[in-house]
Amino acid sequence: MLILGGTHEARRLATKLALDARYEPLLSYAGRTENPELPGDVACRVGGFGGAEALGVFLARFDALIDATHPFAAQISANAVVAARAADVPLLRLVRPAWPREDTWVEVASMRAAAQALGDAPKRVFLTIGRLEVGAFKHAPQHHYVVRAVDAFEPDLPDAKVIAARGPFRLDDERALLERERIDVLVSKNAGTPATYDKLRAARERKLPVIMVARPVLPDAPEVATVEEAEAWLRHGSERGE
Ligand code: NAP
């Protein structure tokens, strides 16, 4: 099976399946980070396929497709639906549940809306949205930004500091960061992962507002929330002779 990855769940599923003689997983990465932590014991490939149609062609030699990409990776998830249909290969989406809403959150639908929600008065903002969409905050140049991303980069913002770090992040470190950087407000995507949840705990302790970007809406596909459910789906597929 082909596993579209970039998440902890994708890696864990691929590693488990690679140990099982019935399966031959190939784990696919987009290649966004400079040093992806490729699991040594699983076959991996890196890089885009060249669109939905090309993914469909690539998929022809597989028995199943598992889309275990990040909940905000909307393009590849849409491509997976189109490609699976074209190749007539069963598709399963493995996506962790969103974090439940809290009353200190302002929920917004886009990065642009998140930038607007910061308001006019200058603030010290902790941006935990990755590197790719930081440009949306150019429209709110009055703020000081502390940007955390896996790789160091030069944000196109007038007043920003980058912290290059890969999760998981511990509660004590998150508390210390909010204190040290004198953060007024946190901006996050609703990733749903425990690995990055403690920033929200630390923010709640300090009664800081959180601007939470809601997940993009994806085209319908059969969906599970855990690696174990994905394994069960694959087992049932084998029993059905797929
Ligand atoms: P995206 O906008 O949905 O995808 C853009 C293009 O990147 C896709 O059309 C595809 O190129 C390629 N691509 C994406 N995931 C791929 C994969 N697993 N294997 C091969 N090609 C892939 O995705 P994104 O938001 O840039 O995210 C890229 C990757 O980073 C995803 O795998 C995701 O799981 C991971 N990630 C994303 C986020 C996030 O917040 N977006 C956070 C953490 C990790 P082609 O059309 O050429 O095939």
Side-chain angles (χ1 to χ4, degrees), residues 1-15 25-39 42-60 62 64-87 89 91-96 98-99 108-112 114 127-137 147-151 153 155 164-169 186-197 199 211-219 221 223 225 227 230:
M1 57 277 323
L2 178 62
I3 302 174
L4 301 172
T7 59
H8 176 70
E9 287 77 8
R11 184 192 174 95
R12 203 157 71 78
L13 176 64
T15 304
L26 177 65
L27 178 57
S28 175
Y29 286 90
R32 291 279 180 276
T33 56
E34 280 169 22
N35 295 304
E37 291 178 329
L38 303 183
V42 181
C44 296
R45 64 168 298 286
V46 180
F49 298 94
E53 203 178 316
L55 176 57
V57 173
F58 188 88
L59 201 51
F62 290 87
L65 175 62
I66 299 187
D67 172 14
T69 56
H70 191 274
F72 281 79
Q75 184 62 58
I76 188 72
S77 291
N79 289 358
V81 171
V82 173
R85 199 175 297 137
V89 166
L91 164 68
L92 180 70
R93 188 178 293 146
L94 167 57
V95 62
R96 56 206 168 210
W99 292 314
V108 294
S110 67
M111 269 324 144
R112 187 73 191 262
L127 269 192
T128 62
I129 57 161
R131 165 174 55 94
L132 297 177
E133 290 170 279
V134 165
F137 292 85
V147 185
R148 185 162 68 191
V150 173
D151 297 313
F153 71 110
R166 192 191 289 269
F169 301 104
L186 170 70
V187 181
S188 174
K189 291 172 172 173
N190 196 330
T193 170
T196 58
Y197 185 70
K199 64 188 174 190
I211 297 174
M212 186 61 73
V213 182
R215 294 179 171 194
V217 177
L218 302 177
E223 209 169 280
V227 167

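Atoms within a ligand are numbered from 1 in the order they appear, just like the ligands themselves.
From the protein, the heavy atom lying nearest to atom 47 (O) of ligand 1 is Gly50 N, 2.8 Å. The nearest heavy-atom contact from the protein to atom 11 (O) of ligand 1 is Gly48 CA, 3.6 Å. Scanning the protein heavy atoms around atom 32 (O) of ligand 1, the nearest turns out to be Gly5 O, 2.7 Å. The protein heavy-atom contact nearest to atom 48 (O) of ligand 1 is Phe49 N, 2.6 Å. Nearest non-hydrogen protein atom to atom 34 (O) of ligand 1 is His70 N, 2.8 Å. At the shortest separation from atom 2 (O) of ligand 1 among protein heavy atoms lies Gln75 CB, 3.7 Å.
Which parts of ligand 1 touch Lys189 is read off a 4.0 Å heavy-atom cut-off, strictly below it: atoms 39 (C), 40 (O), 41 (N). Atom numbering of ligand 1 starts at 1 in the shown order; those under 4.0 Å from a heavy atom of Gly51 are 45 (P), 46 (O), 47 (O), 48 (O). When each atom of ligand 1 is checked for a heavy atom of Arg45 under 4.0 Å away, the hits are 20 (C). The ligand atoms of ligand 1 that sit less than 4.0 angstrom from a heavy atom of Thr69 are 18 (N), 32 (O), 34 (O).
The residue from Asp67, Asn79, Ile76 that puts a heavy atom closest to atom 3 (O) of ligand 1 is Ile76. Of the candidates Ser28, Gly6, Ala52, it is Ser28 that places a heavy atom closest to atom 20 (C) of ligand 1. In this structure, of Ala30, Ala74, Ala10, the residue bringing a heavy atom nearest to atom 22 (C) of ligand 1 is Ala30. Counting heavy atoms only, Gly47 comes closest to atom 21 (N) of ligand 1 of the residues Gly31, Gly47, Gly130. With Ala73, Ala83, Gly167 as candidates, the residue nearest to atom 27 (O) of ligand 1 on a non-hydrogen basis is Ala73.
Side chain of Arg93 to backbone of Ala80: no donor-acceptor contact under 3.5 angstrom is found. Looking only at distances, a side-chain donor or acceptor of Thr128 sits under 3.5 Å from a matching main-chain atom of Val187. In this structure a side-chain-to-backbone donor-acceptor pair under 3.5 Å is present from Thr7 to Ala68. With Arg215 contributing its side chain and Asn190 its backbone, the two residues share a donor-acceptor pair below 3.5 Å. Of the possible polar contacts, one joining the Arg96 side chain to the Ala191 backbone as a donor-acceptor pair under 3.5 Å is found.
Ring geometry, Phe58 versus Phe62: the interplanar angle falls under 30°, so the pair is classed parallel (tilted spans 30 to 60°).
Around CD of Glu53, the count of heavy atoms belonging to other residues, nucleotides or ligands within 6.0 Å does not exceed 12.
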Apply side chain to side chain contact (heavy atoms under 4.5 Å, CB included) to residues Leu55 and Leu2 and explain how you reach the verdict. CA-CA 10 Å; Leu55 176 57; Leu2 178 62; 4.0 Å; yes
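Between Val213 and Met111, some side-chain heavy-atom pair lies under the 4.5 Å cut-off.
The part of Arg32 lying near ligand 1 is the side chain, judged by heavy-atom distances below 4.0 Å.
To the nearest 0.5 Å, the span separating CG on Leu27 from CD1 on Ile66 amounts to 11.0 Å.
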